[in-house]
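Quick caveat, the model's predicted, so the values are computed rather than measured. Letters A, B, ... mirror the listed sequences (proteins, then strands); counts begin at 1.
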Protein chains: 2
Amino acid sequence: MPRGRAPTYDAQREAILAGAAKLFAERGYSDVSMIEVARACGVSKPLLYHYVRDKDDLLVLICEGHVSRLVELVRETIAEESEPQARLKLMIRRFVEAYAEARHEHRVLTQDVKFLTGAGKARVLAHEREVVAAFADTIALLRPEAGAEGLHKPLTMLLFGMINWMFTWLKPEGELTYEAMAPVVTELFFGGIGAVRSPVTAKKTRRKPTPKETLA
Amino acid sequence: MPRGRAPTYDAQREAILAGAAKLFAERGYSDVSMIEVARACGVSKPLLYHYVRDKDDLLVLICEGHVSRLVELVRETIAEESEPQARLKLMIRRFVEAYAEARHEHRVLTQDVKFLTGAGKARVLAHEREVVAAFADTIALLRPEAGAEGLHKPLTMLLFGMINWMFTWLKPEGELTYEAMAPVVTELFFGGIGAVRSPVTAKKTRRKPTPKETLA
DNA sequence: CCTACCGATCGGTAGG
DNA sequence: CCTACCGATCGGTAGG
C-alpha cells in the first residue's frame with residue numbers, strides 16, 4: 001500500500017505557488033529561474049520538482065487557481081443577486097477585493113498569459129471567457145440597446161481595463177487603497193454607460209471583400 | 001578620418017527598432033533573442049550590434065522613441081486648445097490614434113518597462129510622468145473639486161487603464177477599430193466623472209504611526 | 001561583415 | 001516498495 005502524501009504536502013505546495021507568483025509578478029515569468037523560485041520558498045530545486053512537474057506547470061497552476069476562484073465568485077454573485085445594477089456593483093466590489101487579496105496571482109494572470117501553452121492555456125482562457133461573459137451579460141441587462149450596437153462587450157473590456165490597470169499603478173503600501181477605488185470605478189462606469197451614444201459598428205452586416213480589395 | 005555614417009544608417013536603424021518592437025510586443029522582451037531580432041530584420045547578429053549597443057539599448061530606444069512622441073503630442077494639444085473639455089477630448093483621440101499607429105511600440109512600453117534600467121529607465125519614466133501630469137491637469141480643470149478629494153490622479157489612471165487595456169483585447173484585423181473606440185472611451189469618461197462622488201482619502205493629513213502601531 | 005567562439009546560466013534529471 | 005530529499009551535473013542555448 002502506498003503511504004500517500006505527507007499531510008504537509010498540500011500546504012507546502014500552496015506556499016510554493018504563492019512564492020512563485022510573487023517572483024513572477026515582480027520580474028516576469030521568463031526572467032525568474034526555477035532555482036530562484038526554490039530558494040524563495042526555502043526548498044531545494046529537486047524538491048521543487050516534487051511539487052510541480054515543470055516550469056510551465058507552475059505557471060498554469062498559479063493562473064488556473066486564481067481564475068477558478070474568479071469564476072466561482074461570479075457564479076455566486078449571479079446566483080445571489082438578480083437585479084442587474086446591484087449585481088454589477090457587487091461583482092466589481094468583489095473582484096477588486098479578490099484581486100487585492102491575490103495581487104501577485106492576478107498580475108501573473110494578466111502579464112504572463114502569453115507564456116501559457118496547450119491544454120493549460122485552453123483551460124485558463126475558457127475560465128476567463130466565462131468571467132467576461134458574466135460581466136457582459138449583466139451589462140447587457142443594464143443597457144439592452146448596447147447589445148444591438150455591439151457595445152456591451154467593448155464596455156465590459158473598458159471596465160476590466162480600469163480594474164486591471166489599477167494593479168500597475170496602485171502600490172499596496174500607499175495611502176490609496178483598493179477598497180477606496182472600488183466605488184470610484186463603480187460610479188465612473190455607471191455614470192458613463194448612460195452617456196455612451198456612439199455605435200461601434202457602422203455596418204451590421206459585413207460584406208465579403210472582393211478579390212481586388214483583398215489584394216489591395 | 002572616419003568615413004561617417006552611411007546615408008541609409010538612420011533608416012536601417014529605424015527598421016531594426018520597428019522589427020524588434022514587433023517581436024518584443026508579441027513574445028516579451030526576455031523571450032526574444034538578439035539573433036531572432038537580427039533574422040527578422042534581415043541582418044546578421046554582428047550587424048545588429050552595429051546599430052544598437054546591446055539588448056538593453058534596443059529596449060530603451062524603442063520605449064524612448066515612442067514616449068517622446070507622446071510627450072510632443074500632449075504639448076502640442078495643450079498649446080493649441082485651452083478649453084479643458086475640448087482639450088481632453090482631443091488628447092484622448094490623438095492618443096488612441098498614436099497608439100494604433102505604434103501598436104507594437106506601445107505594447108513594449110506598457111509590458112516591458114520593468115526590464116529598463118539606469119539612466120534609460122529614468123528618462124522613460126520622466127516622459128511618462130509628463131504625459132500623465134498633462135492629462136491629470138486637464139481633468140483638474142474639468143473637475144476642480146476632484147483635486148481636493150485626491151481624485152484627479154486616480155481618475156487619470158482609470159482613463160489610461162481603459163485606453164492601455166484596449167491593446168490587449170482589440171485585434172487590429174477585427175471589425176472593431178481603435179478610431180471607433182475613441183469616442184466610446186471619451187463618452188464613458190465624460191459621462192462618468194460627473195457621477196463620481198466617493199472621496200478616495202478619508203483623511204487629508206496622515207498621522208505618524210506610533211511605535212506600537214508600527215510593530216503591530 | 002561573417003564564422004566561430006567565450007563565460008554563464010537556463011530548465012530539468014541523474015544516482016543514491 | 002514508497003516518499004522525501006540531497007549534491008552534482010546533464011544537454012542546450014542565452015547574450016555578447
Among [options], the nucleotide that comes nearest once only the side chain of [X] is considered:
| X | options | answer |
| --- | --- | --- |
| A:Tyr51 | D:dC5, D:dC6, D:dG15 | D:dC5 |
| B:Lys55 | C:dC1, D:dG15, C:dG12 | D:dG15 |
| B:Met34 | D:dG16, D:dC6, C:dC10 | D:dG16 |
| B:Tyr49 | C:dT13, D:dA4, D:dG16 | D:dG16 |
| B:Leu47 | C:dC1, D:dG15, C:dC10 | C:dC1 |
| A:Asp54 | D:dC5, D:dG15, C:dG12 | C:dG12 |

Side chains of [X] and [Y]: is there a donor and an acceptor less than 3.5 Å apart?
| X | Y | result |
| --- | --- | --- |
| A:Arg93 | A:Thr186 | no |
| B:Asp56 | B:Tyr29 | yes |
| A:Asn164 | A:His106 | yes |

Interatomic spacing from [atom1] in [X] to [atom2] in [Y] - rounded to 0.5 Å:
| X | Y | atom1 | atom2 | answer |
| --- | --- | --- | --- | --- |
| B:Leu159 | B:Leu88 | CG | CG | 6.5 Å |
| A:Asp112 | A:Ser30 | CG | OG | 7.5 Å |
| A:Met91 | A:Leu70 | CE | CG | 11.0 Å |

Practice task
Would you state whether a donor and an acceptor, one from the side chain of B:Lys45 and one from the base of D:dG16, lie under 3.5 Å apart?
Solution key: yes

Handout entry: Stem segments of DNA chain D by first residue number [Watson-Crick or G-U, under 3.5 Å, at least 3]
Key = none

In this structure, how many angstroms lie between the [atom2] atom of [N] and the [atom1] atom of [X], rounded?
| X | N | atom1 | atom2 | result |
| --- | --- | --- | --- | --- |
| B:Leu59 | D:dG15 | CG | P | 13 Å |
| A:Ile35 | D:dA8 | CD1 | C1' | 12 Å |
| A:Glu36 | C:dG12 | CD | P | 14 Å |
| A:Leu23 | C:dG11 | CG | P | 12 Å |
| A:Leu58 | C:dG12 | CG | C1' | 13 Å |
| A:Tyr29 | C:dG11 | OH | C1' | 9 Å |
| A:Arg53 | C:dG11 | CZ | C1' | 14 Å |

Practice task
State, with a plain yes or no, whether a side-chain heavy atom of A:Cys63 is found less than 4.5 Å away from one of A:Val108.
Solution key: yes

Practice task
Report yes if at least one side-chain N or O of A:Ser44 is closer than 4.0 Å to OP1 or OP2 of D:dC5; otherwise report no.
Solution key: no

Handout entry: Separation of the P atoms in C:dG12 and D:dA8, to the nearest angstrom
Key = 22 Å

Exercise for the section: Please state the C1' separation for the pair D:dT9 and C:dG11 - nearest whole angstrom. Expected result: 13 Å

Exercise for the section: Classify the angle between the aromatic ring planes of B:Tyr178 and B:Phe167 as parallel (below 30°), tilted (30 to 60°) or perpendicular (above 60°). Expected result: parallel

Exercise for the section: Could you tell me whether A:Val32 contacts a base, only the sugar-phosphate backbone, or nothing, with contacts defined as non-hydrogen atoms closer than 4.0 Å? Expected result: sugar-phosphate

